[in-house]
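Worksheet for the structure shown next.
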Amino acid sequence: MLAIAMAMAAALTTACKPPPPSRHDPDAAAVARGRELVRQTGCGACHAFPDIAWPQGRAGPSLVTFDEHGPIAGVLPNTPANLAAFVRDAPVAKPGSPMPAMPLSPREASDVAAYLHGLADD
Amino acid sequence: MIDAADAFDVWWGWPPPVLDPAGPYAHSVTVLAWALFALGVIVTAIVALAVFVAVAGPPRWKARLGGEKAILILGVGFPAVVLTGLLVWGLTLTASLTDPITGREPRIRVTAHMWWWDVEYLDAAGRVVRRDANELHLPVGRPVVLELGSADVIHSFWVPNLSGKEDMIPGRTNLLKVQADRPGRFGGICAEYCGGPHALMGYVTVAHLPADYDRWLAGGNVSSGPANPQHVPGAMPASARRTPAGQGTADPKAAPQDGEALFVAHGCAACHRVAGTQANGLAGPDLTHVGSRLTLGAGILPNNRGTLQGWITDAQALKPGNRMPAYGNIPAADIAAIALWLEAQE
Ligand SMILES: [Cu+2]
């Protein structure tokens, strides 16, 4: 009985597994969470974002035109997974990157990536 | 440009939580405010009624309203009684907010600077036990006396959840009692225009359970209490507030020992004090415990390695006009090393 229930649950979860996130069609809820995370972690201390009036720091590149930047930080293919890894721990994703690791969990980092890709699509 | 809405958003959103008292001294003010509001409504209603009677009432009522008795009661007696009552209430309440009850309450000296706060925790003999900045820690459930002063111009101390505003005047010490009855974080802000980035001069008050407070004062580490629904900076995402040690430290130049030398070499020590090092400057906030603070830049940014580096690189972009220069000329690796070292100063 229990085994059947577990098998069914497993089948259900695989059936409902979302498609891998796409950089062109980010999930709206993830975008909203990502935006709030960007505000709360203080990414604005180094970057300008188009929809965050303040702060707009200058230690990093402006992300207002992030969609035109090409590869992430000049080297990484601009995929959701790469972007999430980069915003969470840039020096590991791109050795030598001057952007410091930021206090985000992997899940939060993928929300932030969705937010950034949402900017890019405008 | 930074407008007031953004700045308020940084602390509480609009309006400030003036109707959500977290302690007796804010509570008494809230009660008085509601009483004034209710009286205002009653008086307005009486006046409206009197106007109605005077214009459209039956002649007998009109005559009564214009009579000597009505004028003496409504025009002289009522205002005299109500206003005297309110005056006595207001004055005793104001006095109760400022005079120490026993003289044995914990004392904290808060000195305002353009545009940050110097905070000194005093022992019974008035000696400084712990020096910090831009953050105020309180024990829950007992009154604390604040000695408020200023190093330059007039500022005003205001934590809406805990008390009314109190001016901070150069050359004078104003006393203010605060008490928090529940643990939590409460945003504070300078409430008297003091020039330049005045709108970005805030701080966070953290109320601890008494045992935690004693531990904190003795230099121990305590969690900063449950984040209440109120948004204050430093309310970080669910994950670790701080970048885990080891993460992102692949660069050998970023060893914390270098940070101290670079801090001195780049002249930071001229303005900042870090106890136990040769850094002894007084023009900026004490950084001895900067790693344990919730915020940076006087309550405006969450505190983590990223915001620390962003602040050091270009504090002028984040808080225009503040008295710390921008350091775009220092190599990013040096700033990273300094930030790593500062982050370890708890
Ligand atoms: Cu001010």
Side-chain angles (χ1 to χ4, degrees), chain A residues 30-64 73-74 84-116, chain B residues 1-3 5-7 9-10 199-200 227 231 233-251 253-254 295-297 300-320 326-328 330-336 339-340 343:
Chain A
V31 169
R33 286 194 303 270
R35 181 176 187 279
E36 194 50 31
L37 287 162
V38 163
R39 248 170 49 91
Q40 286 183 346
T41 21
C43 308
C46 296
H47 295 288
F49 296 87
D51 52 354
I52 296 179
W54 176 90
Q56 299 197 340
R58 293 191 286 236
S62 164
L63 298 179
V64 171
F86 180 84
V87 298
R88 188 168 118 78
D89 201 343
V92 166
K94 176 193 165 190
S97 174
M99 170 160 151
M102 293 297 288
L104 296 168
S105 69
R107 162 168 299 187
E108 288 166 342
S110 62
D111 287 347
V112 168
Y115 161 71
L116 289 167
Chain B
M1 233 11 277
I2 299 152
D3 65 33
D6 289 326
D9 201 36
V10 172
L200 295 177
H231 175 79
M236 293 290 285
S239 65
R241 182 167 81 76
R242 194 152 315 177
T243 312
Q247 192 175 326
T249 53
D251 186 350
K253 270 204 82 180
T295 70
L296 285 180
I300 62 171
L301 296 167
N303 183 6
N304 56 51
R305 196 177 299 165
T307 52
L308 199 48
Q309 290 187 28
W311 172 270
I312 299 169
T313 309
D314 199 342
Q316 292 300 323
L318 305 174
K319 185 166 176 173
Y327 280 103
I330 300 184
D334 286 12
I335 289 184
L340 267 179
E343 157 177 90

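Note on naming: letters A, B, ... go to the chains in the order of the sequence lines (proteins, then strands), and numbering restarts at 1 for each one.
Heavy-atom minimum distance, B:Ala317 versus A:Gly57: CB-CA, 4.4 Å. Shown here for B:Ala332 and A:Pro98, the closest heavy-atom pair between the two residues is CB-CB, 4.2 Å. Minimum interatomic distance between A:Thr41 and B:Thr307 (heavy atoms only, all atoms of both residues): O-CG2, 3.7 Å. Taking both residues in full, the closest heavy atoms of B:Leu318 and A:Trp54 are given as O-NE1, 3.0 Å, listed atom of the first, atom of the second, then distance. Of all heavy-atom pairs between A:Pro100 and B:Gly306, the closest is CG-CA, 3.6 Å.
Within the 4.5 Å cutoff, side-chain heavy atoms of B:Leu301 are placed close to those of A:Pro55.
For the atom pair B:Asn304 CG and A:Met102 CE, the distance stands at 4.0 Å (nearest 0.5 Å).
The candidate from B:Asp314, B:Leu308, B:Ile312, B:Thr313 with the greatest count of non-hydrogen atom pairs under 4.5 Å with chain A is B:Asp314.
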